[in-house]
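Worksheet: the structure to be examined is printed underneath.
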Protein chains: 2
Amino acid sequence: MRPQFSDMLQESQGQILSDKKQHILNAAIELFAEKGFEGSSIRDLAARADVNVAMVNYYFGSKEKLFETIVEHRATFMRGKLDEIEADTTLTEIGKIDAIIENYVAKILSQPSFHRILYQELLKQEREALHENIIRIFVQNTHTLRNIIEKGIRKKVFRKVDPELTMATLIGTINQVMLSKSLCVMLVEPKDDFDPYTDDTFQKRVIKHLKQVMHSYLLEEGNR
Amino acid sequence: MRPQFSDMLQESQGQILSDKKQHILNAAIELFAEKGFEGSSIRDLAARADVNVAMVNYYFGSKEKLFETIVEHRATFMRGKLDEIEADTTLTEIGKIDAIIENYVAKILSQPSFHRILYQELLKQEREALHENIIRIFVQNTHTLRNIIEKGIRKKVFRKVDPELTMATLIGTINQVMLSKSLCVMLVEPKDDFDPYTDDTFQKRVIKHLKQVMHSYLLEEGNR
DNA sequence: AAATTTTAATCAAACGTTTGTTTAATTCAA
DNA sequence: TTGAATTAAACAAACGTTTGATTAAAATTT
């Protein structure tokens, strides 16, 4: 049977996948996020997606290629948005920082599984090509933020801060929240059925905290 | 041949391991940090430690138990020190924050491999018992920091901040730096042979940044 | 002190599973 | 009737683990 093109899903880079292929991909993202790449077997994945084991290799060629598809497909996240924010002349420097925080938090909280996969990969040192691809994106993003911060410093609205470590604080705070859902739940809400990543109040709380941290750290006394 | 008890290594919890067992353990920490638990095979480990494959099971019982030994052996890190700092009456609240930063950065930068293993485990959702053990320690540490921050707020030397997310910012910044050595090198130093984790200048830079962030965020205007 | 037994350490080989992948047959819509 | 989709079965390789033999130091007995 040919893929059902009647019900397609548009991907972030414009590619088009059949129902079934996309279905397997979604199941793989969840599984890899839970158990890691090596911890997930193709039989696990096939059972979860309710397809025959051979279908994974049929659609993606190999387990490794499936993984690369997942990572490279969406790893360019934030790139376009970051450039857009940096180039926006209607925003002040601190306004750009705020915009980055809002977009970054929303983006990451909306894809917790994919984000987990990315960071599991960053923590390891194998699959060198993939590893370096992810790093390259991080470095690009850091440079964009660096530009914004340095412009703010030149305009004397920002203090003379450490740009790279400021980026580390910004992303690191969000990552820390994303590390473990159960940790997150335990820290911020004693209820069991509470899902911080889909809860709007929690998202606003993270954004508010990050803005306050960045404002008090970045802004000169007079501009605060 | 029996273990050579003439040359022993004292462990953090007072346990004593033979030369060879400790040697395997050290190799395992490195290997797991690089490739993850499932990504590392016992044969890999045996080859790296230059011992027979059977010796791993002989000393540790199983691959899983070896892993638990690694994690539970040292996962209590910072616990005693944190309590000590909290109870220290000679320190002001911001002085306690500074002490935590100094200790935390030094501790983590001195054991990057072990730290990577911990976070790889936190990112996954399997091996539930181990996962929850790690989380419990995190929660305890967060409560200690929470106490310090809340005391500072009551004394009106701290602003009314979000205690849990402040902890996330503190730890998250360090974690972000620890995520990938190659990322870290690329961001902060263009030299290839530079090792940020053993470099004293870099450690001081991280400490300085974190203190500045925390001071400007926590302290009321008058106390800054 | 010598001889014997016991014990822990070490090893190559083999065990049974599980792994990712491929094959070859079959189904089924166009 | 054609060709993509789907399947159960089979594949070799890698996996964690166990085995049984061998070593040599320590403990015990003579």
Side-chain angles (χ1 to χ4, degrees), chain A residues 1-9 16-29 31-32 34-71 117 120-121 124 126-127 130, chain B residues 1-9 15-29 31-32 34-71 117 121 124 126-127 130:
Chain A
M1 195 198 297
R2 282 172 176 249
Q4 303 283 326
F5 282 94
S6 57
D7 183 15
M8 289 183 174
L9 293 172
I16 282 170
L17 300 179
S18 72
D19 268 4
K20 197 152 190 171
K21 193 172 179 182
Q22 184 66 50
H23 175 68
I24 294 174
L25 206 69
N26 291 338
I29 290 174
L31 189 64
F32 288 159
E34 284 178 22
K35 304 191 171 190
F37 177 71
E38 286 86 3
S40 310
S41 75
I42 296 220
R43 284 170 180 83
D44 277 352
L45 172 58
R48 184 180 288 225
D50 198 29
V51 298
N52 189 279
V53 281
M55 296 313 290
V56 177
N57 283 279
Y58 176 76
Y59 277 119
F60 295 96
S62 70
K63 188 188 176 189
E64 188 107 9
K65 282 183 188 166
L66 163 60
F67 193 62
E68 289 168 7
T69 301
I70 290 177
V71 173
I117 294 175
Q120 283 185 36
E121 199 57 23
K124 292 179 200 162
E126 48 185 1
R127 286 185 288 276
L130 206 54
Chain B
M1 197 196 299
R2 282 168 177 255
Q4 304 284 325
F5 281 93
S6 57
D7 183 14
M8 288 182 174
L9 293 172
Q15 284 179 308
I16 283 170
L17 300 179
S18 70
D19 269 4
K20 197 150 192 172
K21 192 171 179 183
Q22 184 66 49
H23 175 68
I24 295 174
L25 206 69
N26 292 339
I29 291 174
L31 189 64
F32 288 158
E34 283 176 24
K35 304 192 171 189
F37 177 70
E38 287 85 3
S40 310
S41 75
I42 296 218
R43 284 172 179 82
D44 276 353
L45 172 58
R48 183 179 287 225
D50 198 30
V51 299
N52 189 277
V53 280
M55 297 313 292
V56 177
N57 284 279
Y58 175 76
Y59 277 119
F60 296 96
S62 71
K63 188 189 177 189
E64 187 107 10
K65 283 183 189 167
L66 163 61
F67 192 62
E68 290 168 7
T69 300
I70 291 177
V71 173
I117 294 175
E121 199 56 25
K124 293 180 198 161
E126 50 185 2
R127 287 185 287 276
L130 205 54

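Chain identifiers are assigned alphabetically (A, B, ...) following the order of the sequence lines, protein sequences preceding nucleic acid strands; residue numbering begins at 1 within each chain. Computation of the quantities below employed the complete heavy-atom set of this structure, encompassing side-chain atoms and omitting hydrogens, waters and symmetry-equivalent molecules. Everything numeric here is computed off the predicted structure, so don't read it as measured data.
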Take the protein atom CZ of B/Arg43 and the nucleotide atom P of C/dA13, then report the distance between them rounded to whole Å. 13 Å
Residues 55-66 of chain A vs salt bridge (charged side-chain N to carboxylate O under 4.0 Å, His left out), sequence neighbours excluded, gives none
When rounded to whole Å, the CG to C1' distance for the pair B/Asn57 and C/dA8 reads 17 Å
Between C/dT23, D/dG16, C/dC11, which nucleotide gets closest to the side-chain atoms of A/Ala54? C/dT23
Among C/dT10, D/dA8, C/dA12, find the nucleotide with the atom closest to the side chain of B/Asn52. C/dA12
Rounded to the nearest angstrom, tell me the gap between atom CD in B/Glu38 and atom C1' in C/dT18. 14 Å
Rounded distance in Å - CG (A/Asp44) to C1' (C/dT17): 14 Å
Could you tell me the separation between the CE atom of B/Met55 and the NE2 atom of B/His23, rounded to the nearest 0.5 Å? 11.5 Å
From CG of B/Leu66 across to C1' of D/dT17 the rounded distance in Å is 14 Å
In whole Å, what is the span from the OH atom of A/Tyr58 to the C1' atom of C/dT26? 14 Å
Inter-residue atom distance A/Leu66.CG - A/Ile29.CD1, 0.5 Å rounding: 9.0 Å
Phosphate-side-chain proximity, B/Lys63 and D/dC15, N/O vs OP1/OP2 below 4.0 Å: no
Any idea how A/Phe67 and A/Phe32 line up, ring-wise: parallel (<30°), tilted (30 to 60°), or perpendicular (>60°)? perpendicular
What is the separation between atom CD1 on A/Ile24 and atom P on D/dT7, rounded to the nearest whole Å? 10 Å
Report yes if a side-chain nitrogen or oxygen of B/Ser41 is closer than 4.0 Å to either non-bridging phosphate oxygen (OP1 or OP2) of D/dC15; otherwise report no. yes
Rounded to the nearest Å, what distance is computed from the CG atom of residue B/Leu45 to the P atom of nucleotide D/dC15? 12 Å
